[in-house]
Amino acid sequence: MKIAISSDHGGNNLRKEIIALLEELGISYEDFGPKTSDSVDYPDYALPVANGVASGQFDRGILICGTGIGMSITANKVKGVRCALVHDVFSAKATRCHNDSNVLAMGERVIGPGLAREIVQTWLSTDFEGGRHERRINKISEIEAQEQ
Ligand code: RB5
């Protein structure tokens, strides 16, 4: 599994924590920054990760900003991306089982590093259930196909 990860300035610290976790787990990743703690615009950092997942270059993406909201809104504009904003372990599992989410968004100002680590581990290790959930995912893809 190859992960693309980025944040904005509001998510810098948590991104570094999650990168440390990926290294501990031996999971391959590419860090899309930012490289400094300067204030940046979250869409500029969400887009390369979302595009990388949508194109198949990466299996999954992880996006972090202050709330996770701006990152998730941006990522979900990209066709093929199913980004879930998650701040609890139950939802991390449910969104993999039911939504086959391929991008995870979290807010550094919302949760602490310990919970974020548990969320990421759960989200990375939970499989999509398919079945009736596949039908629902396909309906999302049909909506995307109707867009110009
Ligand atoms: C940056 O101040 C903040 O707006 C951003 O990190 C994020 O929370 C936006 O959704």
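Indexing begins at 1, ligand by ligand and atom by atom, following the structure's order. It should be emphasised that the depicted structure is a prediction, and the values quoted were computed from it without experimental measurement.
For E108, the heavy-atom gap to ligand 1 stays at 4.0 angstrom or more. Residue contacts with ligand 1 do not include M71, since none of its heavy atoms lies under 4.0 Å from the ligand.
Using modelled atom types, one finds no donor on one side chain facing an acceptor on the other under 3.5 Å when comparing N51 with S55. Between the side chains of T126 and R96, no donor-acceptor pair is found at a separation under 3.5 Å. A side-chain donor-acceptor contact under 3.5 Å links N12 and R15.
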Run the side chain to side chain contact (heavy atoms under 4.5 Å, CB included) check on N102 and V81 step by step: do they pass? CA-CA 6 Å; N102 49 15; V81 167; 4.0 Å; yes
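Counting heavy-atom neighbours within 6.0 Å of K79 NZ, excluding the residue itself, gives a total above 12.
Atom 4 (O) of ligand 1 lies below 4.0 Å from none of the non-hydrogen atoms of the protein.
Residue contact check: G66 has heavy atoms under 4.0 Å from atoms 5 (C), 6 (O), 7 (C), 8 (O) of ligand 1. Close approach to R109 involves these atoms of ligand 1, each under 4.0 Å from a residue heavy atom: 1 (C), 2 (O), 3 (C). Close contacts between ligand 1 and G70 involve ligand atoms 9 (C), 10 (O) [criterion: under 4.0 Å to a heavy atom]. The H9 neighbourhood of ligand 1 comprises atoms 1 (C), 2 (O), with distances under 4.0 Å to a heavy atom of that residue. The D8 neighbourhood of ligand 1 comprises atoms 1 (C), 5 (C), 6 (O), with distances under 4.0 Å to a heavy atom of that residue.
The aromatic rings of F58 and F32 sit perpendicular, their planes meeting at an angle over 60°, well past the 30° parallel limit.
Checked against a 3.5 angstrom limit, the closest N/O atoms of Y42 and ligand 1 fall outside it. Residue C65 has no nitrogen or oxygen atom sitting less than 3.5 Å from a nitrogen or oxygen atom of ligand 1, judged on distance alone.
By the rule that hydrophobic residues join a cluster once side-chain heavy atoms approach within less than 4.5 Å of another member, I73 and Y45 end up as members of separate clusters.
If you run side chain to side chain contact (heavy atoms under 4.5 Å, CB included) between I3 and each of D59, I18, L124, only L124 comes through.
With a 4.0 Å cut-off on non-hydrogen atoms, T67 touches ligand 1 through its backbone as well as its side chain.
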